[in-house]
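Keep in mind the model is a prediction, meaning the values are calculated, not measured.
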Amino acid sequence: MKTAMCGELRSTDIGREVVLMGWVHRRRTHGGLIFVDFRDTSGIVQLVFNPEISPSAHQVADDARVEYVLAVTGKVEARPAGTENPQLATGDVEVLIEDAKVLNTAKTPPFYINEDGEVDEFLRLRYRYLDLRRERMHNNILLRYRTTKALCNWLDRQGFVEIDTPVLVNETPGGAREFLVPSRLHPGEFFALPQSPQQFKQLLMVAGFERYYQVARCFRDEDLRADRQPEFTQLDMEMSFVDVEQVLQLVEGMLIDTVPEVCGKRMLTIPFPRITFEDAINLYGSDKPDIRFGLLLTDISDMVAESKFQVFASAISEGGQVKGIRIPGAASYTRREIDELGQIATRNGAKGLLTMALLPDGVKSPLTKFMDSTAVDAIVARLDGKEGDLLAFVADQPGVVADGLGALRLEIGQRLGLMDQDTLAFAWVIDAPLLEWNAEEGHWQAKHHQFTAPVEEDIPLLETSPGAARAKQYDIVCNGVELGGGSIRIHRRELQERVFRVLGMSDEEARRLFGHLLEAFEYGTPPHGGIALGLDRFIMLLAGEDSIRSVIAFPKTQSATCPLTGAPSPVGDNRLRELHVKAIES
RNA sequence: GGAGGCGUGGUGUAGUGGCCUAACAUGCAGCCCUGUCAAGGCUGAGAUCGCGGGUUCGAAUCCCGUCGCUUCCGCCA
């Protein structure tokens, strides 16, 4: 029987006779003495095989190779003075082996398990069970467990109850494409996998549970990104008898209490700053601002509206704006480097990037031909430009300016090393509009989702000026990542029906799709609201990773496949017939 | 749907028209080695350069196509 964990042995264990079971992490032979770094899920300890102590155990160690599984018996001893290894948690001790047995041999792994180097991601996923043995991945998965558990414990202490909701649900229009599951018992009918447990958690509030949470698996059949997988995990929460303020306070308290419990990163600002949606777009060019650094976007529209520089003047006369950003130390950039910056702006929609280089002998810019030096100096002053800086401007419609300069700002932050990996910059983004105009389909659509309550005084705007109505909605962002979002929900049938109508939904359609919810609202539904946190993204930030794949045990590739199991795969005609489904060529 | 990056011994990289009979590190195999910890020393094996076509006297290198991984745009209430 295994009597100790490798990574937990300390000098207080000296003298103990232990049985260890684990993997050969590394092996160093000295002809006589053999050292083995021995690993289990807890960590690594050094084993010493001395042929004078046990020739048979020494023989086992001599034959063993990396990743062999061994069972060893030996005595924990202090390392001889001067041979301690401070890089190892167990570095003060070693285990002198008296008996050893091979539990299993191992082929040479396809990549290093005892090193942290880059390996082709396909290969890692093909052999994910080996990838997960590697220290970094192993620790990420353990961190994920500890974090999830800490969050659940915290919620439990606050009176939250975890309740499962179904995975086979009804199709919900609006929002992400859903995975469909054919029904054998109902020919031609399909279940959908949930994008989120939204309706069920509201129904749990109707059911009177008051404080619900769930570690909920969610599914979206959309294209993948570094922070988007087709199946992902949300920490989903909902509360009755709350308004915006209580939800923010509670979630903020949960994060402030939990982060120090599971990782050593510091939180930049406590309490978390609250940024209006409008300010986020105006100042950061993003609805998920990275507030670890400044370099805010600065509006100069008023200074150039009358200028002879047509690009600026006409952008403004067409209802647009001109904004700039300061790039410290970039005045000396080469033409090519400046072009690179321009490409970042154009890739995100801008038509171009106009620059002003603040050189020792003056301002170098195409703009100087169109504006006198007083006007130019005023612009430099507004952007707080200093000698050596490069100022970059985009002129266009507000959304385009925000996207272009927002992307540029992140690139600059990256290049200048302003994104401190050890800082978590949480912030709330509040007061987002309830609705946005869908130009393609010609109707208003919910910016968050159709169950979000409008701010009370804006309710009259629903019919008169829908775009101006603000939502009781909030997003939490961290280091430029959208961590989660939620809202106070509509809990009265009349208001919900009004919102459906503004969204262009007929009463019949609303009843067909959401009749059960509307009906539920008639049976004493309490005011309620909640939030869903992207657990994968949260743990990614805690772990300092830049992809959620690094904190998911078995993720999909970017083309949504699993190289380990081969999923997805074609199924036989018999199976399809049983499900009343026919595959068609596309 | 679109744009970019990558694909060379097991792994990570170098090589970008002839100097390549493909280099380096590491891993692997064998031998030596009793205090190492990315141990060290010596010897050796290991790659038709993702795949298919083309250009060329000659292609890892250029062109076209294709597959895979990845980043981003669209998409993701």
Side-chain angles (χ1 to χ4, degrees), chain A residues 25-38 44-53 58 62 65-67 77 79-88 90-91 94 96 107-127 130 134 172-178 195-196 198-199 218-230 232 340 343-344 346-349 403-404 407 410-411 432 434-436 438 440 444-452 471 473 475 482 485-487 499 503 532 534 546-547 549 556-561 563:
Chain A
H25 188 69
R26 225 185 274 279
R27 200 177 62 110
R28 294 175 291 278
T29 68
H30 288 252
L33 279 185
I34 297 175
F35 299 98
V36 169
D37 291 340
F38 201 53
I44 289 170
V45 69
Q46 173 166 280
L47 309 182
V48 183
F49 295 83
N50 188 330
E52 290 162 16
I53 305 283
H58 183 268
D62 201 36
R65 294 294 178 267
V66 163
E67 298 308 312
E77 301 202 326
R79 290 200 184 191
T83 67
E84 301 87 353
N85 184 352
Q87 291 172 309
L88 226 51
T90 60
E94 59 192 13
L96 192 55
K107 291 166 74 173
T108 302
F111 49 82
Y112 304 116
I113 286 165
N114 51 25
E115 286 179 24
D116 187 34
E118 281 294 303
V119 178
D120 178 69
E121 188 132 359
F122 184 85
L123 199 65
R124 289 174 56 195
L125 292 177
R126 167 79 180 75
Y127 296 97
L130 297 180
R134 306 209 299 170
T172 309
R177 208 173 279 126
E178 292 169 321
Q195 309 169 42
S196 81
Q198 183 59 35
Q199 291 187 51
C218 305
F219 307 87
R220 294 180 188 178
D221 188 9
E222 298 289 349
D223 286 7
L224 288 77
R225 288 283 193 283
D227 61 354
R228 280 162 36 185
Q229 283 271 308
F232 61 103
E340 271 175 32
Q343 276 163 23
I344 292 161
T346 51
R347 193 162 61 231
N348 287 277
D403 287 349
L410 292 179
E411 174 69 20
L434 182 71
L435 304 165
E436 62 188 350
N438 183 330
E440 246 170 69
W444 290 97
Q445 64 182 33
K447 193 151 176 58
H448 182 57
H449 58 54
Q450 59 265 53
F451 312 115
T452 299
Q473 194 253 324
D475 277 350
E482 183 191 337
S487 61
V499 169
L503 294 172
D546 46 24
S547 159
R549 292 189 304 278
K556 304 285 187 288
T557 65
Q558 190 168 42
S559 54
T561 64

Problem set entry | A:H30 over B:G35, stacked by centroid distance under 5.5 Å, angle under 30° | no
Exercise. Paired with B:U11 by Watson-Crick or G-U wobble geometry, both distances under 3.5 Å: which nucleotide is it?
Worked result: B:A25
Exercise. Would you say the base of B:C75 and the side-chain of A:R228 have a donor-acceptor pair closer than 3.5 Å?
Worked result: yes
For this session: Report the residue (A:T29 or A:E94) whose heavy-atom-nearest nucleotide on RNA chain B is the more 5′ of the two.
Result: A:E94
For this session: Could you work out which one of B:U36, B:C28, B:U34 sits closest to the side chain of A:E52?
Result: B:U34
Exercise. Does a side-chain N-to-carboxylate-O contact under 4.0 Å join A:E436 and A:K447?
Worked result: yes
Problem set entry | Candidate nucleotides B:U11, B:C37, B:U71, ranked by approach to the side chain of A:V119 - the nearest | B:U11
Exercise. Between A:R549 and A:Q558, does any side-chain donor sit less than 3.5 Å from a side-chain acceptor?
Worked result: no
For this session: Look through every strand shown and name the nucleotide pairing with B:C6 as Watson-Crick or G-U wobble, where both distances are under 3.5 Å.
Result: B:G68
For this session: Tell whether A:N85 reaches the base of B:C37 with its side chain through a donor-acceptor pair below 3.5 angstrom.
Result: yes
Exercise. Just by modelled atom types, is the A:E115 backbone N or O under 3.5 Å from a matching donor or acceptor in the A:R134 side chain?
Worked result: yes
Problem set entry | Pairwise P distance for B:A39 and B:G35, with rounding to whole Å | 16 Å
For this session: Name the nucleic acid region contacted by A:S559, choosing base, sugar-phosphate or nothing; use a 4.0 angstrom heavy-atom cut-off, strictly under.
Result: sugar-phosphate
Exercise. Is a donor-acceptor contact shorter than 3.5 angstrom present between the side chain of A:D223 and the base of B:G74?
Worked result: yes
Exercise. Counting only distance, no hydrogens or angles, is the base of B:C76 paired donor-acceptor with the side chain of A:R220 under 3.5 Å?
Worked result: no
For this session: For B:C76, give its Watson-Crick or G-U wobble partner with both distances under 3.5 Å, or none.
Result: none
Exercise. When only distance counts, do a donor and an acceptor, one from the side chain of A:Q46 and one from the base of B:U36, lie under 3.5 Å apart?
Worked result: yes
For this session: Classify the nucleic acid contact of A:Q558 as base, sugar-phosphate or nothing, counting any heavy atom under 4.0 Å across all strands shown.
Result: base
Exercise. With centres under 5.5 Å and planes under 30°, do A:F35 and B:U36 count as stacked?
Worked result: yes
Exercise. Distance between the C1' atoms of B:A60 and B:U8, in whole angstroms?
Worked result: 7 Å
For this session: Look at the side chain of A:R126 against the base of B:C69 and say whether a donor-acceptor pair falls under 3.5 Å; ignore hydrogens and angles.
Result: no
Exercise. With respect to the side chain of A:R79, which nucleotide from B:C37, B:C28, B:U34 is positioned closest?
Worked result: B:C37
For this session: Remember a base hit wins even if backbone is also touched, and classify A:T561 as base, sugar-phosphate or nothing at under 4.0 Å, heavy atoms.
Result: sugar-phosphate
For this session: Select from A:F122 and A:E84 the residue whose nearest nucleotide in RNA chain B is closer to the 5' end of that strand.
Result: A:E84
Exercise. Taking only N and O in the side chain of A:T557, is any of them less than 4.0 Å away from OP1 or OP2 of B:C69?
Worked result: yes
Exercise. Among the nucleotides B:C76, B:U34, B:A38, which one has an atom lying closest to any side-chain atom of A:P51?
Worked result: B:U34
Problem set entry | A:Q195 CD to B:C76 C1', straight-line distance once rounded to whole Å | 9 Å
Exercise. Between B:U26, B:C75, B:G35, which one does the side chain of A:Y112 approach most closely?
Worked result: B:U26
